[in-house]
J.: 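One structure is given below, represented as structure tokens, and several questions about it will come after.
All values reported here derive from a predicted model rather than from experimental measurement. As a basis for the values below, the full set of heavy atoms in this structure was taken, side chains included, without hydrogen atoms, waters or symmetry mates. Chain letters run A, B, ... following the sequence lines, proteins first, then strands; residues in each count from 1.
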Amino acid sequence: MTTAVNTASIGIERSPGLWSLAWKRLLRDKIAIVSMVIVIAFLLLALASAVGLVAGGWNNEIAKNYAPPTWFKGSTTEEDLSKSNKSAAAGPSLDTGLSRPEFVNDRDPLRDTITELKQQLGQSTSGGADEIKIVDPLADVIAELKKKLGRTGDGDANEVEAEKLSSLAFGADKWGRSVFDKVVQGSETSITVGFAAALVATLIGAFLGALAGYYGGKTDDFLNWFYSIFNSIPYILLVLAIAAVLNKKGILTVVLILGLTGWASIFRVVRAEYMKHKARDYVRAANAIGASHARRMFVHIFPNISHVILVQLSLYVVIFIKSEVILSYLGFGVGVDTVSWGSMLNEAQNELILGYWWQLGAATLFMAILVTAFSLFTDSLRDALDPKLK
Amino acid sequence: MAAYIVRRLWQIVPTMLGVILLIFFLFNVVGGDPAYLLAGKISNPETIANIRKQLGIDEPYYVQLWIFIKQVVTFDFGQSWSTNEYVSSIFATRLPASLMIGIPLLIVEAIIAILIALGVAYVRGSLTDRAVMVSCTVAQSVSILVYIIVFQYVLAYKFGWFPVQGWGNGFFENLFKYASLPILIALVVSLAPNIRLYRTFLLDEINQDYVRTARAKGLTENRVMLVHVLRNAAIPIITNLMIQLPGLLVGLFLIERFFSIPGIGREVILSVERSDFPVIKAITVYVALATMLANLAADLLYKAVDPRVELK
């Protein structure tokens, strides 16, 4: 502290630290700036979507079934449009076969029966909400939809039908929901899962790696054995095995699956760094002034290797975003009340054969842009933080 | 050499034991009681007790673990819960299809990726190099699902160049008719990351002194690149290839699923969907074993490629 004051008072510039140097290098890199802007734009979009500013109404059927994108409308024939008009005019969407399962379940007579039975058993219906959820996983969605319908009036089917749009910016899906809203919601899901799982994996991997590298000996042997177990099972197989065991859907489950299986690669890197650093002079000096093991590990060494961890974290985000898409595609990922690019691709697969390519296009485009930008940003980050590696 | 192999095989034992413990913990402890899954929706306590007895899960954990270890050692995992097919027969009948896709893929992919990587490493820093690198990054960012959906739709469904899906009985029929589009898709997906990787391996070598010496003594560029540089970059490339080997068994699960190819990967997804624990357990344990053996094989190959490597 005193030295810093002294150098400042005699007018010698403080030498720039690792982070400010890296930041300068990053700003000199055009690719880094562009990719950073794109990533930040996605983060803001996800945030806006999370607080409900954008795409809050993704689940509303605002357009006709399979309404094409606005700019593509010109090339669709009148026949197509009249066909979709006809199906829309055919009456309440419940009877067309294109209705959404949520609405079918809304009229599920079982739900009332369950409530009745509960009342007979002397249980309060409100207390049984969780149990209903076990029986009917869509109960939450239904409750939410009911609330929405209650707010907008009586939900007059004909009135809603009349307002339905014949085209949307990115088109509409099977049930007339906006593909744009869905793809934005999908971004939120992907970014949430990607970052949360990366954080979980990094915390586990870095902590165990620090222990193994710092203490060495028996601790190292044990943790290395533990690592070799995870390392010998192909990643995707382990992910699927855990998905089979948990047999549950939802964002939290996906985060746990990916985080708990993915920690092995950062363990290796952090362990090597700790082994390198623990014998350095500054750590020995810290020992000499009486710093505890924990203090040496996390206060002294950790800041010196945090740039390595940051790059690994960034790599994880890309891997986990891609994995989440595959899990959700297979139906082991997020539940039906959440949109994911993976579940969009699942729907889009059948739509493509019918010629409705826009959901596939939108999900692919958004995912490709985010993942490309994030990969390029990770590369630039690595180069900026560790110029020797280049 | 023999002593080294024996020692390495011996080292597999504790890791394998760990894998068994992990799988046991996941499926027998966390996984809960499978009897309810098996008994179906309508079940009475007697059926469940009966099933529990059949599966041996009414025994204490240490007995169950012992049963599991015996199953692993004797290759006898009993029957699948959903199809009653013997797990050993599932392996025997699904493995050929996975290998039929995996092995040609690995060979073709290695050759193409190494050649392209050699090319871009040679002209490093140029516009071609950067263009290839950027296209690799972009290509990697598109989900494998999109490649499969689009390729299957365009090449098989629209143009009819390949069968949309299916699998036959004859070796050549499968290889040339049914396996070609899946291999092509897997090739497109795996080329991008591997070109990038091999390029960095080659760049590490290309600035070494021996390369300058080779040029100074008047060797042709082809000889410098193909013999000197490639030979020295071979170790990391071989490691990468060997690491990919066990992953081929399950790594192509999406492709196998889309094209209805009766391989191990498709079996994994099916058994996850059906909560068919014996099949998943067996596949996980044996693929882990295959991974460890592949790592050993990689280390032995190093010795063959680079005599300086000492096997410790």
Side-chain angles (χ1 to χ4, degrees), chain A residues 31 35 221 224-247 318 321-326 328-332 341-342 344-346 348-353 357 360-361 363-365 367-376 378-379 389-390, chain B residues 11-12 14-23 26-27 29-32 37 133-134 137-146 148-150 152-154 157 246-251 253-254 257-258 265 268-269 271-277 280-281 283-285 287-292 295:
Chain A
I31 295 176
S35 55
D221 288 344
N224 241 335
W225 172 73
F226 195 54
Y227 158 83
S228 70
I229 296 167
F230 276 82
N231 200 39
S232 63
I233 305 173
Y235 176 64
I236 196 71
L237 188 56
L238 194 57
V239 166
L240 289 175
I242 294 183
V245 170
L246 293 180
N247 204 9
V318 173
I321 285 177
K322 287 161 97 174
S323 307
E324 185 273 326
V325 168
I326 291 175
S328 293
Y329 170 84
L330 290 172
F332 308 137
W341 291 333
M344 285 179 76
L345 287 178
N346 197 340
Q349 184 193 346
N350 297 324
E351 293 174 8
L352 189 64
I353 296 169
W357 49 270
L360 176 75
T364 308
L365 190 71
M367 183 180 165
I369 292 175
L370 175 65
V371 176
T372 306
F374 217 104
S375 314
L376 291 173
T378 308
D379 287 351
L389 274 177
K390 206 170 188 178
Chain B
Q11 282 168 359
I12 286 179
T15 314
M16 206 52 212
L17 212 60
V19 171
I20 290 174
L21 279 174
L22 176 70
I23 301 300
L26 280 179
F27 286 93
V29 182
V30 183
L37 285 171
M133 284 306 106
V134 170
T137 309
V138 177
Q140 258 180 290
S141 307
V142 177
S143 178
I144 177 173
L145 292 163
V146 175
I148 303 177
I149 293 173
V150 171
Q152 194 182 33
Y153 174 71
V154 174
Y157 183 80
L248 284 179
L249 294 179
V250 285
F253 63 102
L254 285 171
R257 182 187 149 103
F258 270 90
V268 171
I269 301 190
S271 38
V272 171
E273 280 169 350
R274 297 167 177 161
S275 297
D276 199 342
F277 287 1
I280 315 173
K281 276 158 89 173
I283 292 178
T284 315
V285 168
V287 171
L289 184 65
T291 310
M292 285 179 253
N295 287 341

J.: Which bit of A/Leu360 is near chain B, if near means a heavy-atom gap under 4.5 Å: side chain, backbone, both or neither?
T.: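 Side chain of A/Leu360 only, per the 4.5 Å heavy-atom cut-off to chain B.
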J.: Going from CG on B/Asn295 to CG on A/Asn231, what distance comes out if it is rounded to the nearest 0.5 angstrom?
T.: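 If we round to the nearest 0.5 Å, B/Asn295:CG and A/Asn231:CG are 7.5 Å apart.
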J.: Nearest 0.5 Å, what's the CG-CH2 distance between B/Leu145 and A/Trp341?
T.: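 One finds 13.0 Å between CG of B/Leu145 and CH2 of A/Trp341.
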J.: Using non-hydrogen atoms and a 4.5 Å limit, figure out which bit of A/Asp379 sits close to chain B: side chain, backbone, both or neither.
T.: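 Only the side chain of A/Asp379 comes within 4.5 Å of chain B.
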J.: Side chain from CB out, backbone as N, CA, C, O: work out which of these in A/Leu240 comes under 4.5 Å of a heavy atom of chain B, or both, or neither.
T.: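 Contact with chain B involves both backbone and side-chain atoms of A/Leu240.
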J.: Carefully, step by step, assess A/Ile233 and B/Leu22 under the rule side chain to side chain contact (heavy atoms under 4.5 Å, CB included).
T.: CA-CA 11 Å; A/Ile233 305 173; B/Leu22 176 70; 3.9 Å; yes
J.: What part of B/Val287 is in contact with chain A, defined as an atom under 4.5 angstrom from a non-hydrogen atom: side chain, backbone, both or neither?
T.: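 Both the backbone and the side chain of B/Val287 come within 4.5 Å of chain A.
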J.: Counting only heavy atoms closer than 4.5 Å, note whether A/Phe230 contacts chain B via side chain, backbone, both or neither.
T.: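 The answer is the side chain of A/Phe230.
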J.: Measuring heavy-atom distances to chain B, does A/Leu370 have an atom under 4.5 Å in its side chain, in its backbone, in both, or in neither?
T.: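 Interface part for A/Leu370: neither.
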J.: What's the shortest heavy-atom distance between A/Ile229 and B/Gly18, and which atoms?
T.: CD1-CA, 3.4 Å
J.: If I compare all heavy atoms of B/Ser141 with all of A/Ser375, which pair ends up nearest, and what's the gap?
T.: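 Scanning both residues, the minimum pair turns out to be OG-OG, 4.4 Å.
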J.: What part of B/Ile149 lies closer than 4.5 angstrom to a heavy atom of chain A: side chain, backbone, both or neither?
T.: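 For B/Ile149, backbone and side chain are both near chain A.
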J.: Contact part of B/Ile269 toward chain A, heavy-atom cut-off under 4.5 Å: side chain, backbone, both or neither?
T.: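 For B/Ile269, backbone and side chain are both near chain A.
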J.: Between A/Leu376, A/Val318, A/Ile236, which residue shows the highest count of heavy-atom pairs closer than 4.5 Å to chain B?
T.: A/Ile236
J.: Side chain from CB out, backbone as N, CA, C, O: work out which of these in A/Phe332 comes under 4.5 Å of a heavy atom of chain B, or both, or neither.
T.: side chain
J.: Specify the closest pair of heavy atoms between A/Ser232 and B/Thr291, including all atoms of both residues, with the distance to one decimal.
T.: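 Minimum heavy-atom contact is O-OG1, 3.0 Å.
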J.: Identify the heavy atoms of A/Lys322 and B/Gln140 that sit nearest to each other, and give their distance.
T.: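 So the minimum-distance heavy-atom pair works out to NZ-O, 2.8 Å.
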J.: Find the distance between CG (A/Leu352) and OH (B/Tyr157) and round it off to the nearest 0.5 Å.
T.: 9.0 Å
J.: Check for me whether the distance between the ring centres of B/Phe258 and A/Tyr329 falls short of 6.0 Å.
T.: yes
J.: B/Ser143 versus A/Met367: any side-chain heavy-atom pair under 4.5 Å?
T.: yes
J.: Count the heavy atoms of every other residue, nucleotide or ligand shown that sit under 6.0 Å from CG of B/Leu21, and state whether that count exceeds 12.
T.: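 More than 12 within 6.0 Å, yes.
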J.: Given heavy-atom pairs under 4.5 angstrom as the criterion, report whether the side chain, backbone, both or neither of B/Arg274 touches chain A.
T.: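 The answer is neither part of B/Arg274.
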J.: Which bit of A/Leu330 is near chain B, if near means a heavy-atom gap under 4.5 Å: side chain, backbone, both or neither?
T.: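 Answer is both: backbone and side chain atoms of A/Leu330 are under 4.5 Å from chain B.
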J.: Can you tell which part of B/Gln152 gets under 4.5 Å to a heavy atom of chain A, answering side chain, backbone, both or neither?
T.: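 Neither; nothing under 4.5 Å.
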J.: For chain A, which of B/Leu289, B/Val268, B/Thr284 has the most heavy-atom pairs under 4.5 Å?
T.: B/Thr284
J.: Where does B/Leu254 contact chain A at under 4.5 Å (heavy atoms): side chain, backbone, both or neither?
T.: side chain
J.: Side chain, backbone, both or neither: which part of B/Ile283 has a non-hydrogen atom closer than 4.5 Å to chain A?
T.: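 Both parts, heavy atoms under 4.5 Å.
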J.: Using 0.5 Å steps for rounding, measure from the CG atom of A/Leu345 to the CD1 atom of B/Ile148.
T.: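 Nearest 0.5 Å value for the CG-CD1 distance: 10.5 Å.
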J.: Under a 4.5 Å heavy-atom cutoff, which of B/Ile23, B/Val142, B/Thr137, B/Val134 has the most pairs with chain A?
T.: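 If we count pairs closer than 4.5 Å to chain A, B/Thr137 comes out on top.
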